[in-house]
Structure formats: C-alpha cells, structure tokens
Amino acid sequence: MGNATLDLFRLDGKIALVTGAAAGLGAAAAAALARAGAAVACHGNRRPADQTASVIRNEGGESIAIRGDLSQTESPETLMREVVGRFGKIDILVNNAGSIIRHAAEEYPLADWMTILQVNLTSVFQLSQLAAKDMMLRGQGGKIVNIASLLSFQGGIRVPAYAASKGGVAQLTKALANEWASKGINVNAIAPGYMRTENTRALQADELRNRQILERIPAGRWGEPEDLAGTVVFLSSRASDYITGAVLNVDGGWLAR
C-alpha cells in the first residue's frame with residue numbers, strides 16, 4: 001500500500017528544466033528531481049551538463065543535456081523550444097543559473113552590470129514567462145522555483161550587480177506568484193546560504209573569512225549542494241500546492257542570527 005503523504009512528493013510523469021545544472025546546486029537539484037521521478041533537462045553553458053545528465057541516466061532516470069548562453073537574450077526561447085520539442089511540455093522550471101563579478105562599486109563597469117542582470121534576473125523572467133505560457137496552454141499548472149540568495153536580503157560587498165539581481169529575483173518571484181496562482185502555477189524561491197560550491201571556493205580558502213562565516217552560521221558548517229535537494233523537490237511537488245510567492249531560506253540559520 002502506498003503512503004499518501006510521501007506520494008505528494010513524487011514527480012512521476014513530470015518534465016523539469018534545471019538551468020546551471022553542470023555542477024554545484026544545479027546538479028544536486030537536477031539529481032533530486034530525477035530521483036523523485038521527473039525527466040530532467042539539464043542546462044549548462046561554459047560547463048556542459050552532460051555529466052549530470054549521465055549520472056541521472058545511470059541511476060535509471062531520464063535526462064538530456066542542453067546548452068545555452070543566458071547572457072544572450074535569445075537563449076531562453078531556444079532552450080524552452082528544445083525542452084518542449086523533446087518532451088512535449090514543461091511542468092517544473094528551476095532557475096538556478098547565475099553569475100557573479102566582483103568590483104568596487106565606484107569602479108563597476110556597466111558592461112559587467114548588464115551581463116549579471118541579464119543572466120541572473122532577465123533570463124529568469126524570460127524563462128518563467130515561456131514556461132508559464134506552456135503551462136497555461138495545457139491548463140495543468142506547474143511549478144517555478146527560482147534560486148535567490150542571502151543577498152536578496154543583504155547588500156554584500158563588491159557585488160552590487162549580484163545583490164541587485166538577487167533582490168530582483170525575490171521580488172519577481174512574488175510578482176509572478178500573484179499573477180499566476182489562479183492558473184495553478186506556483187512560483188517560489190530558495191535563498192541558499194553559504195554553500196560549498198565552486199563559486200565560494202575563494203572564501204573557503206581564505207582562513208579569516210572562512211572562520212568568520214562559520215562563526216556566524218548557527219549550524220556551524222558550510223551548506224552542501226545536497227542540502228537543497230529536499231527543498232527543491234518539495235517546491236516542485238504537490239506537497240507545496242498552497243505555497244506561492246515564498247522565499248525560503250536554506251542557510252543553516254544565517255539570517256536568524
């Protein structure tokens with residue numbers, strides 16, 4: 001006999017697109033969705049997502065790797081066309097791809113600002129819009145999960161474009177949730193804390209900063225990409241059908257400190 005509560009988390013028959021799935025948080029999210037039963041399109045750019053897709057297939061799941069440069073405004077439409085062309089629909093979109101460029105604010109080049117805003121915010125809107133149109137066309141709803149950041153709430157240092165983009169992701173999540181909830185489309189965000197990924201390698205290697213960060217985290221450790229797995233599955237499943245417009249912190253208690 002099946003467990004009705006656990007069945008709420010199953011994603012059998014669902015089609016998911018995870019951007020930035022070559023490594024780190026995106027790879028962990030893609031694997032988690034596949035293990036819950038979804039077929040997953042794994043997006044990569046400079047780092048292709050073939051390995052993530054291969055791991056999923058080796059575990060018995062269904063997955064393809066697709067490639068696109070989200071700093072280019074035409075890429076979201078190309079990606080969505082590829083996913084829907086291959087699978088016939090999209091049920092789950094995880095907007096995980098992101099970039100960060102560090103400069104002092106007074107010296108921040110406009111070209112870098114525009115790149116970060118396009119990758120981290122504008123492409124999130126474009127992909128969400130395209131996914132929602134397909135979901136509305138089929139009339140069966142869907143789930144959109146955006147990856148925000150602690151810098152959706154805090155300003156950071158030397159990362160004005162990143163902070164602005166992630167603040168925008170949090171607000172975009174709420175705006176889209178307001179408009180699409182009546183269509184059965186849930187739009188939520190996850191704000192990861194300090195996670196052990198390639199993007200934070202320099203911080204981990206800096207003895208002083210590493211100690212300061214760990215002293216601030218009540219859990220006393222860096223997050224691992226797998227720490228996001230359950231939250232991604234939850235927000236992608238029927239278990240979260242009455243949750244929309246939320247920004248859920250997965251930060252070991254950082255923001256509560």
Side-chain angles (χ1 to χ4, degrees), residues 5-6 8-9 11 16 18-36 47 52 55 92 94-100 102 120 124 143-160 162-171 173-174 177 186-237 239-240 242-257:
T5 299
L6 292 181
L8 291 174
F9 295 86
L11 300 174
V18 180
T19 65
L25 305 184
L33 294 173
R35 289 166 187 152
R47 292 180 293 184
T52 304
V55 167
I92 299 161
V94 180
N95 283 307
N96 167 75
S99 186
I100 188 166
R102 295 177 171 86
N120 293 7
V124 170
K143 305 282 185 171
I144 297 174
V145 181
N146 298 324
I147 302 301
S149 168
L150 292 182
L151 295 195
S152 296
F153 310 99
Q154 301 176 324
I157 297 171
R158 294 174 57 84
V159 287
Y162 185 86
S165 70
K166 290 301 185 177
V169 166
Q171 291 304 101
T173 297
K174 298 168 191 176
N186 299 68
V187 187
N188 292 293
I190 299 170
Y194 282 90
M195 311 299 285
R196 197 183 300 279
T197 66
E198 188 65 34
N199 280 350
T200 60
R201 186 175 297 278
L203 291 176
Q204 297 171 53
D206 184 321
E207 187 176 339
L208 175 61
R209 288 291 290 124
N210 182 65
R211 190 184 78 244
Q212 290 172 335
I213 288 166
L214 288 175
E215 287 173 349
R216 165 78 188 259
I217 301 173
R221 66 174 177 86
W222 286 76
E224 302 293 341
E226 290 71 25
D227 286 321
L228 250 65
T231 311
V232 169
V233 171
F234 169 58
L235 291 178
S236 300
S237 72
S240 60
Y242 201 57
I243 298 174
T244 197
V247 182
L248 182 56
N249 310 324
V250 182
D251 64 355
W254 176 280
L255 287 175
R257 186 68 176 262

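Hydrogens, waters and symmetry mates play no part in the numbers below; they use all other heavy atoms, side chains included.
Ring-plane geometry between Tyr194 and Trp254 is classed as tilted, the angle between the planes lying from 30 to 60 degrees on a 0 to 90 degree scale.
In this structure, CG in Asn199 is found 8.0 Å from CG in Leu25, a value given to the nearest 0.5 Å. For the atom pair CG (Leu8) and CZ (Phe234), the distance works out to 10.0 Å, reported to the nearest 0.5 Å. With rounding to the nearest 0.5 angstrom, the CG atom of Leu255 is 12.5 Å from the CZ atom of Arg257. Here the OG1 atom belonging to Thr200 is positioned 8.0 Å from the CD1 atom belonging to Ile213, to the nearest 0.5 angstrom. Between the OG1 atom in Thr173 and the CD1 atom in Ile147 there is a gap of 9.5 Å [rounded to 0.5 Å]. From Ser152, atom OG reaches atom CG of Asn146 across 10.0 Å, with rounding to the nearest 0.5 Å.
When only modelled atom types and interatomic distance are considered, Gln204 and Arg201 share no side-chain donor-acceptor pair under 3.5 Å.
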Are Arg35 and Val233 close enough, and set up right, to give a side-chain contact (heavy atoms from CB on, under 4.5 Å), and what steps lead you there? CA-CA 9 Å; Arg35 289 166 187 152; Val233 171; over 6 Å; no

Check against side-chain contact (heavy atoms from CB on, under 4.5 Å), Trp222 and Leu203: CA-CA 11 Å; Trp222 286 76; Leu203 291 176; 3.9 Å; yes

Audit row: Asp227, Arg221, side-chain contact (heavy atoms from CB on, under 4.5 Å) steps and yes/no: CA-CA 12 Å; Asp227 286 321; Arg221 66 174 177 86; 2.9 Å; yes

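At least one donor-acceptor pair closer than 3.5 Å links the side chain of Asn96 to the backbone N or O of Thr19.
Taking the side chain as every heavy atom from C-beta outward, Asn186 and Leu235 never approach each other to under 4.5 Å.
Sparse packing is recorded around CD1 of Ile157, with 12 or fewer heavy atoms of other residues, nucleotides or ligands lying under 6.0 Å away. Around CZ of Arg216, the count of heavy atoms belonging to other residues, nucleotides or ligands within 6.0 Å exceeds 12.
Test Val18, Val187, Val145, Val124 against Asn95 for side-chain contact (heavy atoms from CB on, under 4.5 Å) and you get one pass: Val124.
Look at Arg211 and Glu207 and you find no salt bridge, because none of the NZ, NE, NH1 or NH2 atoms lies under 4.0 Å from a carboxylate O.
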